[in-house]
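Note sheet for the following structure.
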Amino acid sequence: MTQSTTGIGAHGARLTIDLGAIAANWRTLAARGGGVACAAVVKADAYGCGIARVGPALWAAGCRTFFVAHLSEGVAARAALPDAAIYVLNGLAPGAAAAFAAHGLRPVLGSIEELSDWAAFSAGRVPAALHVDTGMNRLGLSVPEALDLAGDPRIAASCIDLILSHFVSAEKPQDPVNARQIADFARVRAAYPALPASLANSSGIFLKGAQHDLLRPGYALFGGNPTPGTANPMRPVVRLEAMIAQVRDVEAGATAGYNGRWAAAAPSRLATLSLGYADGFPRAISGRGQALVGGVPCPILGLVSMDLIILDVTAAPAAERGATAVLIGDTLDIDAVGRAAGTIGYEILTGLGSRYVRSYVESC
Ligand SMILES: *Cc1c(COP(=O)(O)O)cnc(C)c1O
């Protein structure tokens, strides 16, 4: 065992992010579009994977257009991507126009007020996108507003270069809301024949009629399954391993962790992992999730602590002090971990912490 202040032993756990897999996933999704341009959604620090490394890897793969949520994320993305088109999905906050322009960031205008502000400020200097709401009721002009606005001088004055909308339930291909949104967006698009259009997020890429001119995948780039219920076409990106700090044998009846939530039904061997909810591993997975030790699935026992997790390693002979357990990776893909925690893989990814060692690899 190496004595290092920077390795897994010093931090308790290691997060490995495969930039080669991210690039391969982007190419897979771009190919699904059959010639349509493919952007990358890299909000929330590239879904927890780190924009500073992920941005250049996607650029090298051929991606030229990026989406973030906030102006601040746009500034970070700009530092990593000097020549990319970067759109800010959450729109134009009051007084923010000059900062957008200074960093060459394009707001995704989500209301008539935002459009008017940008038209007044920009005078066509910096492009922007127009967000049309087709069902989320979150951001965007309504379909009637967008139809009324076609030909309005504020569109040209705002230098709108993209019109977009967002799916409500793209990961559920049978949901009738998809067809309704596809039809509504097609009507809006027809009113703006000169503008490129974008509708598909990761799952939307797999729906008929949703491709338009620009794909906007996020989750699938980072290994999430865009087609739940069928085989995942994406390569895994994230691997989270924690070190075993101790192994101990307990008698039947012994409890483990806070509040004694778990009690041994038989003599058992337990391993304590150096990782907890303060690392972004959800406490909600307590008593439900698993980790792999030497490839053997080992149940997570009792309550996840702030810095520690207890595993039942009775069936895992490889469990010993200094060995590692896999919490995300191999058969424990990001979707499975999300399900075990009663949430979605998106939340697991974006919650990934900064306390463990991060290492980037580039598999081919
Ligand atoms: C987050 C987001 C995306 C990407 O969605 P995924 O499901 O992660 O692919 C695309 N468009 C908008 C507007 C978003 O907010």
Query raised in the report: Considering residues at least two apart in sequence or located in another chain, which fulfil the salt bridge (charged side-chain N to carboxylate O under 4.0 Å, His left out) criterion with R269?
Result: D249

Requested in this report: Please tell me if the side chains of L214 and P196 come closer than 4.5 Å, counting only heavy atoms from C-beta onward.
Outcome: no

Report task. Determine the sole option in N225, D335, T350 for which the side chain to side chain donor-acceptor pair (under 3.5 Å) test with Y219 is passed. Result -> D335

Query raised in the report: Is it the case that T324 and R14 place a side-chain donor and acceptor less than 3.5 Å from each other?
Result: no

Requested in this report: Examine distances only and state if a side-chain atom of R78 and a backbone atom of A84 form a donor-acceptor pair shorter than 3.5 Å.
Outcome: yes

Report summary line: All heavy atoms of P56 vs all of L81, minimum pair found to be N-CD2, 4.1 Å

Report task. Would you please test S142 and D133 for side-chain contact (heavy atoms from CB on, under 4.5 Å) and show each step? Result -> CA-CA 5 Å; S142 70; D133 177 60; 5.8 Å; no

Query raised in the report: Side-chain contact, heavy-atom cut-off 4.5 Å: I86 with V42?
Result: no

Query raised in the report: Judged by atom type as modelled, is there a donor-acceptor pair below 3.5 Å linking the side chain of D18 to the main-chain atoms of G20?
Result: yes

Query raised in the report: Is the number of heavy atoms from other residues, nucleotides or ligands within 6.0 Å of CZ (R261) greater than 12?
Result: no

Report task. First locate atom CG of D175, then atom CG of L207, and finally report the distance between them rounded to the nearest 0.5 Å. Result -> 10.0 Å

Query raised in the report: So, the side chain of N232 versus the backbone of G223: is there a donor-acceptor pair under 3.5 Å, distance only?
Result: yes

Requested in this report: Nearest 0.5 Å please: distance from the CD1 atom of I8 over to the CG atom of L15.
Outcome: 10.5 Å

Query - From CD1 (I17) to CG (L352), nearest 0.5 Å - result: 7.0 Å

Report task. Evaluate the side-chain contact (heavy atoms from CB on, under 4.5 Å) criterion for residues W262 and L270: first the C-alpha distance (whole Å), next the side-chain angles of each, then the deciding distance (0.1 Å), finally the verdict. Result -> CA-CA 12 Å; W262 176 85; L270 310 187; 3.9 Å; yes

Query raised in the report: Ignoring hydrogens and geometry, is there a side-chain-to-backbone donor-acceptor pair from Q181 to H166 under 3.5 Å?
Result: yes

Report task. Kindly indicate, with the supporting measurements, whether the criterion side-chain contact (heavy atoms from CB on, under 4.5 Å) is fulfilled by S202 and M234. Result -> CA-CA 11 Å; S202 295; M234 313 320 299; over 6 Å; no

Report task. Can you label the angle between the H212 ring and the F185 ring as parallel, tilted or perpendicular, going by 30° and 60°? Result -> perpendicular

Query raised in the report: What pair of heavy atoms forms the shortest contact from A252 to A265, and how long is it?
Result: CB-O, 3.9 Å

Query raised in the report: Do NZ/NE/NH1/NH2 and the carboxylate oxygens of R355 and D307 come within less than 4.0 Å?
Result: yes

Query raised in the report: How far apart are the closest heavy atoms of G338 and I348, and which atoms are they?
Result: CA-CG1, 3.7 Å

Query raised in the report: If you group Ile, Leu, Val, Met, Phe, Trp and Tyr by side-chain heavy-atom gaps below 4.5 Å, do Y360 and I334 land in one group?
Result: yes

Query raised in the report: Under a 4.5 Å side-chain heavy-atom rule over Ile, Leu, Val, Met, Phe, Trp and Tyr, are L71 and L89 clustered together?
Result: yes

Report task. May I ask you to establish whether R106 and Y87 are in a cation-pi arrangement, using a distance under 6.0 Å from NZ or CZ to the six-membered ring centre and at most 45° from the ring axis? Result -> yes

Query raised in the report: So which of L308, V304, L327 actually passes side-chain contact (heavy atoms from CB on, under 4.5 Å) with L275?
Result: L327

Query raised in the report: Hey, does the side chain of W118 reach the backbone of R154 with a donor-acceptor pair shorter than 3.5 angstrom?
Result: no

**Report entry** In one Ile/Leu/Val/Met/Phe/Trp/Tyr side-chain cluster, 4.5 Å: M136, V132
**Finding:** no

Report task. Side-chain contact test, heavy atoms from C-beta onward, threshold under 4.5 Å: evaluate it for I22 versus N25 and give yes or no. Result -> no

Requested in this report: Please confirm whether the backbone N or O of D279 pairs with a side-chain atom of Y356, one donor and one acceptor, at under 3.5 Å?
Outcome: yes

Query raised in the report: Do you see a donor-acceptor pair shorter than 3.5 Å between the side chains of S268 and D312?
Result: no

**Report entry** L147 versus A191, closest heavy-atom pair with distance
**Finding:** CD2-CB, 3.9 Å

Report summary line: Rounded to the nearest 0.5 Å, the CZ atom of R321 sits from the CE atom of M243 at a distance of 7.5 Å

Query raised in the report: Any idea which heavy atoms bring G204 and A210 closest together, and the distance?
Result: O-CB, 3.5 Å

Report task. Assign the ring pair Y346 / Y47 to parallel, tilted or perpendicular, where the plane angle (0 to 90°) is split at 30° and 60°. Result -> tilted

Query - Check: D213 side chain, A197 main-chain N or O, donor-acceptor pair, under 3.5 Å - result: yes

Report task. For the residue pair S203 and E171, confirm or rule out a side-chain donor-acceptor distance under 3.5 Å. Result -> no

Query - hydrophobic_cluster_shared for V68 and L162, side chain cutoff 4.5 Å - result: yes

**Report entry** Any F281 side-chain heavy atom under 4.5 Å of I300 side chain
**Finding:** yes

Query raised in the report: With a 4.5 Å heavy-atom cut-off, do L149 and I112 have their side chains touching?
Result: yes

Requested in this report: Mind checking the CD1-CG spacing from I205 to L29? Nearest 0.5 Å is all I need.
Outcome: 4.5 Å

Query raised in the report: Is it the case that one hydrophobic cluster holds both V36 and F66, taking links as side-chain heavy atoms less than 4.5 Å apart, direct or via other members?
Result: yes

**Report entry** V296 to A315 - nearest heavy-atom pair and separation
**Finding:** CG1-O, 3.6 Å

Query raised in the report: Counting only N and O atoms by type, is there a donor-acceptor contact under 3.5 Å from the side chain of E114 to the main-chain atoms of L92?
Result: yes

Query raised in the report: Side chain of D45, backbone of I51: donor and acceptor closer than 3.5 Å?
Result: yes

Requested in this report: Would you mind reporting whether F121 and V126 have side-chain heavy atoms less than 4.5 Å apart?
Outcome: no

Requested in this report: Answer whether the closest heavy-atom distance between the side chains of L303 and R283 falls below 4.5 Å.
Outcome: yes

Query raised in the report: Roughly how far apart are L273 CG and L311 CG, rounded to 0.5 Å?
Result: 4.0 Å

Report task. Take atom CD of E145 as the centre, draw a 6.0 Å sphere, and report whether it contains more than 12 heavy atoms from other residues, nucleotides or ligands. Result -> yes

Query raised in the report: Counting N and O atoms only, with roles assigned by atom type, does the side chain of W26 sit under 3.5 Å from a partner on the main chain of C38, one being a donor and the other an acceptor?
Result: yes

Query - Residue pair I155 / L115, side-chain heavy-atom distance below 4.5 Å - result: yes

